[in-house]
Colleague: 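Got a structure for you, questions after.
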Amino acid sequence: MVTVISLGGSIVAPEGVDEDFLKKFTALIGDFLSRDDKQRFILVVGGGGPARSYQNAYRNISSAPIDEQADWIGIMATRLNAQLVKAVMGEWCTQDLVIDPTRVEPLMGRVLVAAGWKPGFSSDYDAVLLAERFQAGMVINLSNIEKVYTDDPKKNPDAKPIDSISWVDFCAMVGDEWVPGKNVPFDPIASKHASKMGLKVICAAGRDLENLKKILAGEEFTGTTIS
């Protein structure tokens, strides 16, 4: 069984590296691998705080508009974060870091780690492409939000949490355009492709590892299901 996890950069490196989280996350993955020798994980890592910090620096220094250069800067941040995740996974991850999800070899180890590919979308899209490549029926999207809301709860006190939502309604919420550094529950480009595939995506709080255990075990969990 292949499980794809889109691991938000804001969880791995909200500013600097969250070492405590990575230790606990690695232990959790190891626990599930030890329970089932057929279990495989694909971890797709985002850019997080470092990506936004470097993108902001680029814009401040050059006064440039949001452009492809900003996207490349974010992509490089995902690769640094992902290389760290690959390293801490140790012997479970025997393949090179994936940076092109359309040219990945068959799974050799128990864990495969991927990062950003090219401008035009976030690492969420890479997760969807890898789910398609390896016939995974679901992507677990871990970020710094517990659920998807009807609006930004920081700006709108009337925003309501959503337990489940259709792709049609979700795509209407997030739009259809990707902007480098855009902060949405799931990338609009990834959402379009996932909708066409009929892929299920679960959005949940990345640091709540007890909740992640429940998702992986097929138990009742806290989060938003998009399908």
Side-chain angles (χ1 to χ4, degrees), residues 4-19 21-22 25 42-89 93 95-105 111-134 139-145 152 171 174-197 199 201 203 206:
V4 179
I5 299 177
S6 183
L7 188 58
S10 59
I11 306 302
V12 175
E15 296 300 331
V17 176
D18 189 333
E19 296 179 17
F21 167 78
L22 278 180
F25 178 77
I42 297 175
L43 310 176
V44 186
V45 188
R52 291 185 178 87
S53 176
Y54 276 75
Q55 286 169 335
N56 287 338
Y58 163 62
R59 291 166 188 155
N60 292 338
I61 294 167
S62 66
S63 299
I66 297 172
D67 61 8
E68 187 174 289
Q69 290 302 320
D71 225 344
W72 273 120
I73 290 167
I75 288 166
M76 293 306 173
T78 74
R79 294 180 183 180
L80 180 60
N81 289 342
Q83 192 68 44
L84 173 61
V85 172
K86 171 182 159 40
V88 299
M89 288 293 155
C93 184
Q95 289 171 260
D96 291 340
L97 181 69
V98 174
I99 57 174
D100 182 346
T102 68
R103 300 183 65 183
V104 61
E105 297 177 357
V111 176
L112 183 69
V113 180
W117 177 19
K118 62 182 181 179
F121 40 80
S122 78
S123 54
D124 290 339
Y125 183 58
D126 302 319
V128 171
L129 291 180
L130 288 165
E132 184 174 39
R133 165 70 174 81
F134 292 104
V139 169
I140 302 171
N141 183 52
L142 300 179
S143 68
N144 57 3
I145 61 169
D152 186 343
C171 289
V174 300
D176 56 9
E177 183 180 357
W178 168 247
V179 176
K182 185 172 185 176
N183 193 12
V184 291
F186 205 65
D187 168 2
I189 308 303
S191 297
K192 276 187 190 177
H193 198 75
S195 177
K196 290 177 183 177
M197 288 171 57
L199 183 69
V201 171
C203 295

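For the single chain, residues carry numbers from 1 onward in sequence order.
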Colleague: Rounded to the nearest 0.5 Å, how far apart are CG of L112 and CD1 of I42?
Modeller: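 With rounding to 0.5 Å, CG (L112) is 5.5 Å from CD1 (I42).
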Colleague: Around atom CG of N56, are there more than 12 heavy atoms of other residues, nucleotides or ligands at under 6.0 Å?
Modeller: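 Yes - once you tally the heavy atoms of other residues, nucleotides and ligands closer than 6.0 Å, there are more than 12.
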Colleague: Over all heavy atoms of both residues, which pair between G47 and P50 is shortest? Give the atoms and the distance, please.
Modeller: O-CD, 3.4 Å
Colleague: Residues in side-chain contact (heavy atoms from CB on, under 4.5 Å) with M197, at least two apart?
Modeller: V128, E132, H193, L199
Colleague: Considering non-hydrogen atoms only, spot the tightest contact between P185 and V174 and give its length.
Modeller: CD-CG1, 4.3 Å
Colleague: Please report the interatomic distance CG(N81) to CG(L43), rounded to the nearest 0.5 Å.
Modeller: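 Nearest 0.5 Å value for the CG-CG distance: 13.0 Å.
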Colleague: What residues form a side-chain hydrogen bond (donor to acceptor under 3.5 Å, both in side chains) with Y58, not counting sequence neighbours?
Modeller: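 With sequence neighbours excluded, Y58 shows a side-chain hydrogen bond (donor to acceptor under 3.5 Å, both in side chains) to D67, given in chain and number order.
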Colleague: Given side chains that start at C-beta, do those of V139 and V44 come closer than 4.5 Å, heavy atoms only?
Modeller: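 No; the side chains remain at least 4.5 Å from each other.
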Colleague: Name all residues meeting the side-chain hydrogen bond (donor to acceptor under 3.5 Å, both in side chains) criterion together with S62; count only those two or more places apart in sequence or in a different chain, and write none if there are none.
Modeller: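 Once residues adjacent in sequence are excluded, S62 has no partner under the side-chain hydrogen bond (donor to acceptor under 3.5 Å, both in side chains) criterion.
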Colleague: Does any N or O in the side chain of R133 come within less than 3.5 Å of the main-chain N or O of T102, such that one atom is a donor and the other an acceptor?
Modeller: no
Colleague: Under the side-chain contact (heavy atoms from CB on, under 4.5 Å) rule, collect the residues that match up with I189, sequence neighbours excluded.
Modeller: F121, Y125, W178, D187
Colleague: Looking at L142 and G206, what are the two nearest heavy atoms and their distance?
Modeller: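 The answer is CB-CA, 3.7 Å.
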Colleague: State, to 0.1 Å, how close S6 and D124 come at their nearest heavy-atom pair, and which atoms those are.
Modeller: OG-OD1, 2.9 Å
Colleague: Can you give me every donor-acceptor pair (side chain of residues 9-16, partner residue at least two apart or in another chain, under 3.5 Å) with its distance?
Modeller:
none

Colleague: Count the heavy atoms belonging to other residues, nucleotides or ligands that lie under 6.0 Å from CZ of F21, then report whether that count exceeds 12.
Modeller: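 Atom CZ in F21 is crowded, with more than 12 foreign heavy atoms closer than 6.0 Å.
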Colleague: If I take atom CZ from residue R59 and atom CZ from residue R52, how far apart are they, to the nearest 0.5 angstrom?
Modeller: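 One finds 10.0 Å between CZ of R59 and CZ of R52.
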Colleague: Please confirm whether the backbone N or O of C171 pairs with a side-chain atom of D176, one donor and one acceptor, at under 3.5 Å?
Modeller: no
Colleague: Tell me the closest heavy-atom pair linking D126 and P101, and the distance in Å.
Modeller: OD1-CG, 3.6 Å
Colleague: Where do A82 and L97 come nearest, in terms of heavy atoms and distance?
Modeller: CB-CD1, 3.5 Å
Colleague: Apply side-chain contact (heavy atoms from CB on, under 4.5 Å) to C93 and list each qualifying residue two or more places apart in sequence or on a separate chain.
Modeller: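 With sequence neighbours excluded, C93 shows a side-chain contact (heavy atoms from CB on, under 4.5 Å) to K86, M89, V111, V113, given in chain and number order.
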